[in-house]
2 protein chains.
Amino acid sequence: MLLRINRASRRPLDGHLAALAGEQVFCSEFSYRRGTEVFGEGEEAEYVYQILSGAVRTYKLLSDGRRQINSFHLPGDMFGLENGTTHRFSAEAVVETRVRITKRRSLLETMTSRDEGASSVLSLVTRTLQHAENHMLLLGRKTALERVAAFLLEMDERLVHPNVLTLPMSRRDIADYLGLTIETVSRAFSTLRDEEMLRFDGQTQREIILLDREGLAEYDA
Amino acid sequence: MLLRINRASRRPLDGHLAALAGEQVFCSEFSYRRGTEVFGEGEEAEYVYQILSGAVRTYKLLSDGRRQINSFHLPGDMFGLENGTTHRFSAEAVVETRVRITKRRSLLETMTSRDEGASSVLSLVTRTLQHAENHMLLLGRKTALERVAAFLLEMDERLVHPNVLTLPMSRRDIADYLGLTIETVSRAFSTLRDEEMLRFDGQTQREIILLDREGLAEYDA
DNA sequence: TGATTCCATTGATTTCGATCAACGGCGGAA
DNA sequence: TTCCGCCGTTGATCGAAATCAATGGAATCA
């Protein structure tokens with residue numbers, strides 16, 4: 001695990017983490033180059049992370065290399081908080097990513113000393129669980145087209161309905177998130193393009209304009 | 001939602017719920033006949049449940065009836081605790097089931113007033129999340145045989161390695177838990193029987209003797 | 001105590017998504 | 001620049017699991 005340190009200053013948190021941890025918790029900022037590991041499955045869970053810019057994927061591997069991505073973390077999102085002392089999955093930067101890092105210990109201390117902090121941690125874990133429940137339904141019971149449509153709507157919503165949806169992740173990442181292969185994901189994109197549900201913007205195939213959100217929602221159900 | 005009330009007494013909790021909620025919380029016991037609903041998706045989350053005997057399935061449905069079972073709850077397990085005010089999924093009794101019911105409100109009150117309670121609730125939610133993460137890997141990336149082997153090992157472990165594994169749920173339930181069809185589940189059972197990983201005990205096909213737990217574990221990976 | 005419905009298995013066939021393969025385009029490295 | 005490796009798409013083929021179908025029990029209930 002190689003990190004490049006941008007800044008490591010002792011200063012109060014702000015934003016989401018501050019609400020969680022309170023003023024007396026200090027933190028630092030780190031940056032990860034695209035494709036680098038933030039932490040690995042089984043490692044000590046020493047820190048909690050909040051994304052400032054970029055994107056992170058968290059995933060599990062089978063021994064033969066099959067990969068399942070649990071979730072993508074976008075700016076503002078927190079990840080890496082565990083109840084035990086070790087990480088139950090790995091995390092990697094999808095693109096160049098800046099994060100704010102807090103010591104797990106100081107976070108958990110405020111959790112027991114402050115009611116507000118406790119319920120904030122709980123609501124973070126609960127939201128993550130809710131996402132996992134929806135994702136199990138997707139992985140267990142939805143068709144390829146339904147999965148890709150759901151993925152697009154999820155990203156669209158999390159990026160607050162931008163005109164152009166700029167996906168930070170590759171088709172491989174999307175496939176491993178949706179339990180499909182890259183070819184199937186690619187074909188689903190092409191189908192949705194042909195049905196004029198979406199349009200590619202620019203040269204790269206990662207800039208997408210959603211033309212018919214209601215149509216996409218009908219694939220989901 | 002039709003309930004049959006066995007007993008509704010004001011008395012202190014004991015066991016897991018007591019650790020969670022403290023002595024001043026009161027509760028009652030209910031019984032559900034096999035196949036009956038405990039609560040439905042979208043309903044008010046008024047109570048938290050702990051299983052005394054029997055088994056409960058929690059699941060989500062798609063509009064066309066496709067079903068994904070999140071998890072099976074066995075004696076000792078708690079379920080139905082939500083962070084918001086409504087249930088995010090439905091719950092049904094798999095067999096005749098007795099539960100102990102606690103008002104959500106009193107549980108959440110103790111959560112903020114007692115540090116110990118707060119971290120107990122958190123660890124419950126965290127364990128549920130951990131199960132969901134493992135299940136996403138299963139649903140997204142494992143083969144039918146791997147899923148069924150993992151299912152058997154999970155049930156074996158949760159029932160503390162009994163000599164005869166008595167499954168309370170039907171093949172349909174297992175299929176909807178594993179993201180498969182009943183036929184595929186049945187064929188997987190037959191394959192494992194032919195490979196002498198397991199043996200059926202008695203007439204019903206729900207009493208299973210695991211002959212080779214290590215062999216089963218190799219299917220998982 | 002039938003009758004009816006559910007349950008589980010097994011066989012035949014189909015199908016959706018995986019796999020194998022080829023190609024063109026982009027981007028980073030020397 | 002030129003190379004090489006990734007990235008994404010598309011086509012051809014394969015295969016694992018779904019679907020369709022039939023059967024024999026077990027459980028439930030009128």
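First the proteins, then the strands, lettered A, B, ... as listed; each starts at 1.
- The shortest distance between the side-chain N/O atoms of A:Thr184 and the OP1/OP2 oxygens of C:dG17 is not below 4.0 Å.
- At D:dA17, none of the side-chain N or O atoms of B:Thr181 fall inside 4.0 Å of OP1 or OP2 (strictly under the cut-off).
- Heavy atoms of B:Ser170 sit under 4.0 angstrom from primed sugar atoms or phosphate atoms, though from no base atom.
- Note on B:Gln203: only backbone sugar-phosphate atoms sit closer than 4.0 angstrom, heavy atoms only; bases stay farther off.
- Remark on DNA chain D: of its neighbouring residues A:Ser190 and A:Arg141, the 5'-side contact belongs to A:Ser190, judged by nearest-heavy-atom nucleotide.
- Heavy atoms of A:Gly179 sit under 4.0 angstrom from primed sugar atoms or phosphate atoms, though from no base atom.
- At least one donor-acceptor pair under 3.5 Å links the side chain of A:Arg147 to the backbone N or O of A:Lys142.
- If you check every strand for non-hydrogen atoms under 4.0 Å, A:Leu180 touches sugar and phosphate atoms only.
- Within the nucleic acid shown, A:Thr204 has no heavy atom closer than 4.0 Å to any nucleic acid atom.
- Here A:Arg147 lies out of heavy-atom contact (under 4.0 Å) with every strand.
- Taking side-chain N and O atoms only, A:Arg171 has a distance below 4.0 Å to OP1 or OP2 of D:dT9.
- Here the shortest heavy-atom pairing between B:Leu152 and B:Leu198 reads CD1-CD2, 3.5 Å.
- Both the sub-6.0 Å distance and the 45° axial angle are satisfied by A:Arg171 relative to the ring of A:Phe189.
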